[in-house]
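This is a predicted model, so every value here is computed, not measured. Chain letters run A, B, ... following the sequence lines, proteins first and then strands; every chain starts at 1. What's counted below: heavy atoms across the whole structure, side chains too, no hydrogens, waters or symmetry copies.
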2 protein chains.
Amino acid sequence: MARAGTLFRGIADEIRNRITTGELAPGTRLPTESQLMDQYGTSRNTIRLALAALENEGLIATEQGRGSFVREWSSLTHHATRAERVDRPSSSTDAFVAEAREAGFEPSTAFSMRIEPAVAEVADRLQIPIDTFVVLRRVVRYIDGQVSSRQDSWYPMDVAEKAGLNVPHDIKEGTVRAMAAAGYVEVGHIDEVTSRMPSPDDHQTLDVATGVPVIVYVRTAWTEERPTRVTRVTLPADRNRIVYELGNIDAYEATQK
Amino acid sequence: MARAGTLFRGIADEIRNRITTGELAPGTRLPTESQLMDQYGTSRNTIRLALAALENEGLIATEQGRGSFVREWSSLTHHATRAERVDRPSSSTDAFVAEAREAGFEPSTAFSMRIEPAVAEVADRLQIPIDTFVVLRRVVRYIDGQVSSRQDSWYPMDVAEKAGLNVPHDIKEGTVRAMAAAGYVEVGHIDEVTSRMPSPDDHQTLDVATGVPVIVYVRTAWTEERPTRVTRVTLPADRNRIVYELGNIDAYEATQK
DNA sequence: GGTGATTTGTGCGTATGTATT
DNA sequence: TAATACATACGCACAAATCAC
């Protein structure tokens, strides 16, 4: 019962302990605000400060009319190196579907395409002038109806046209393979991984709650000649992790047996 | 002036707009709570709800007695693939120092070592029983006196002894090279990248503010025979990004000229 | 160096709205 | 419909940190 300097922090500490020790398991409902007021002999305001602190740490979620609940952080693996490897039979989407089904979930995807002027983030990486038109292909992935990730890929206009990417539907063999068939063979890429709190817009489009950051990685891929693709993947951190497999994977898998 | 459903959200929206449009630049001080009360004709409580929302989005930082300020998100690059490459002359620490100096900062590092029983997170990855003793080597990196990252590496006892890693000081040639010299040649690794809100402990040890997530990646490395190392790097997201360079980097660098 | 003014932090109370049960 | 529970908004007081003089 180590009460910290202030009342509400002390209360938050105690509840946090009960969560991290497992006494309050994920999904468990916390006592109501009234009960906590009685229990700690404080005002409702103080209780709400404590609960707000825990919510912003991603530990609990409060729902109007229902109560506060201990939040669960499951994690589906996003294979950053496996998804787009040309020498493997699975395309990016297929890897997601396989992973989800294996974990016992029902995956689905929504696809869209549009042509837009390149913003600085994209133009710089593609080495083209800002506002040059580019093709944006978006894939939103769902798990059991909830958004799992959003993936935006931008292609230079000429590359997209020659590879047939400027079409409003999914490409079964995968865009990387379609580009390779058109002569644009990717020989490398750079991934920039960052994390931030969701904007109000993200709360809607990604269905991500308060206290849960999003992971963002931006992949710039190129051929021997020039950059040909920028892909940005945005993932709610409470249900995703990114995995990079590098080097001799077989040696590791052998140790698992 | 699109006021959302509630007062404090509408106020937060307006201030957020002034920040994202650049009208309020990083470092700028916001109006005081009293001024905002007058400006919006609301109670202090409502103003504080709006400011708290912005703080938890990582947009502003409030300091007792001073005011609220627009937060800056700079980003130093953490080279995940470059740091430990054996075929390059720089060790992990050196890469950090070079990167920081190049960006005009003054880097420093603190090192420590201890022997401890392996927790599940480590034991599972090293394929050893829980509570088996392992060597933990910790590197805390600083930029201008502020923590930039914390790196913990765990080694199986026998590996650490043969490679001379169970010593309480830095190893100049790098631990990966020292292990290779002892016959433990890494042939691959897996990185698991996640993000979460800082715990109260992180707030202290990592000097990370409210509304700023931390990025965590756990690297499991192995030789042809078995896992030999688990490294966990924890980075405050407001001043770091992780970069993976894969494939033919030279081709990309050529396009930059 | 100190004092008072300013500014945010903590805590109390009350009332009403809205979603759920 | 009624009761419960969280959300929003008002008010007040004092503490703690900072700043200007």
*Asks:* Rounding to an integer number of Å, can you tell me how far A/F8 CZ sits from D/dA15 C1'?
*Replies:*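 In whole Å, D/dA15 C1' and A/F8 CZ are 14 Å from each other.
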*Asks:* Could you check whether the side chain of B/R44 and the base of D/dA9 have a donor-acceptor pair of N or O atoms closer than 3.5 Å, going by distance alone?
*Replies:*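 Under the 3.5 Å cut-off, the side chain and the base do not form any donor-acceptor pair.
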*Asks:* I'd like to know whether B/S153 forms a side-chain hydrogen bond (donor to acceptor under 3.5 Å, both in side chains) with B/T231, so could you lay out the CA-CA distance, the side-chain angles of the two residues, the decisive distance to 0.1 Å, and finally the verdict.
*Replies:* CA-CA 4 Å; B/S153 294; B/T231 297; 2.8 Å; yes
*Asks:* Output the rounded distance in Å from CZ (B/F69) to C1' (C/dT7).
*Replies:*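 Interatomic distance, CZ of B/F69 to C1' of C/dT7: 10 Å.
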*Asks:* Does B/T6 make a side-chain N or O approach to OP1 or OP2 of D/dA7 shorter than 4.0 Å?
*Replies:*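 For D/dA7, neither OP1 nor OP2 has a side-chain N or O of B/T6 closer than 4.0 Å.
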*Asks:* So, OP1 or OP2 of C/dT21: does either fall under 4.0 Å of a side-chain N or O from A/R66?
*Replies:*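 Yes, because at least one side-chain N or O of A/R66 sits under 4.0 Å from OP1 or OP2 of C/dT21.
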*Asks:* Rounded to whole angstrom units, what separation is found between the CD1 atom of A/I60 and the C1' atom of D/dA5?
*Replies:*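 It works out to 14 Å between those atoms.
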*Asks:* Taking atom types as they are modelled, would you say the side chain of A/Q64 forms a donor-acceptor pair with the base of C/dT18 within the 3.5 Å cutoff?
*Replies:*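 It does, because a donor-acceptor pair links the side chain of A/Q64 to the base of C/dT18 below 3.5 Å.
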*Asks:* Would you say B/R219 and B/E192 make side-chain contact, with heavy atoms under 4.5 Å?
*Replies:*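 No - every pair of side-chain heavy atoms lies 4.5 Å or more apart.
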*Asks:* Between B/L30 (CG) and C/dT8 (P), how many Å, whole number?
*Replies:*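 Rounded to the whole Å, the gap is 9 Å.
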*Asks:* Tell me what B/T62 touches on the nucleic acid: a base, only sugar-phosphate, or nothing, going by heavy atoms under 4.0 Å.
*Replies:*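 Sugar-phosphate only.
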*Asks:* Does B/T32 put a side-chain nitrogen or oxygen below 4.0 Å from OP1 or OP2 of C/dT6?
*Replies:*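 It does not, given that no N or O in the side chain of B/T32 lies less than 4.0 Å from OP1 or OP2 of C/dT6.
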*Asks:* Could you pick out which residue, B/P31 or A/T42, lies toward the 5' side of DNA chain C when each is mapped onto its nearest nucleotide?
*Replies:*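 Of the two residues, B/P31 wins.
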